[in-house]
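One structure is given here, and the rest of the page talks about it.
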Amino acid sequence: MPTVSNLALAIIALGALLLLWRWQRSHPAFDLADLITTDVGKVSSTKMLKMGAWVVGTWGFVTLIQQGKMTEWYFAGYMGISFGVSVMRDIYGKAPETSK
């Protein structure tokens, strides 16, 4: 049986997705496909992996909070992984895109 907090999270996530979808339809410059595709429109394995890792990591982060098991180390690890890729790319240059 889903808990009230899980239902609230599901409703918030659904609302956010609907808001993003409506925004995309009314603003041609905003494209959600950019999250997983290259500049030429092909699916990017690098972007797919980053997006998948972000979804799974965020799900785990929320689960730890709900279970009351969140520690500073989990928080630091999540933030380090989430923003570490961007920081490293800024320091060392753009990572190559691999697409098929």
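Everything numeric here is computed off the predicted structure, so don't read it as measured data. Counting begins at 1 with the first residue of the sequence.
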*Heavy-atom check, side chain of Leu32 versus side chain of Trp23, under 4.5 Å*: no

_Measuring only between side-chain heavy atoms, which start at C-beta, is Leu18 closer than 4.5 Å to Arg22?_
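When only atoms from C-beta onward are counted, Arg22 and Leu18 do not touch, as no gap falls below 4.5 Å.
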
*Nearest 0.5 Å please: distance from the OG1 atom of Thr38 over to the NZ atom of Lys47.*
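Here the rounded value is 7.0 Å.
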
_Distance, nearest 0.5 Å, that separates CE of Met70 from OG1 of Thr63_ =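 It is 9.5 Å, given to the nearest 0.5 Å.
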
If you group Ile, Leu, Val, Met, Phe, Trp and Tyr by side-chain heavy-atom gaps below 4.5 Å, do [X] and [Y] land in one group?
{"X": "Leu35", "Y": "Met48", "result": "yes"}
{"X": "Trp54", "Y": "Ile65", "result": "yes"}
{"X": "Tyr74", "Y": "Met79", "result": "yes"}
{"X": "Val62", "Y": "Leu64", "result": "no"}
{"X": "Tyr78", "Y": "Phe83", "result": "yes"}

_Check the orientation of Phe75 and Phe61. Use parallel for under 30°, tilted for 30 to 60°, and perpendicular for over 60°._
tilted

*More than 12 heavy atoms of other residues, nucleotides or ligands under 6.0 Å from CD of Gln67: is that the case?*
yes

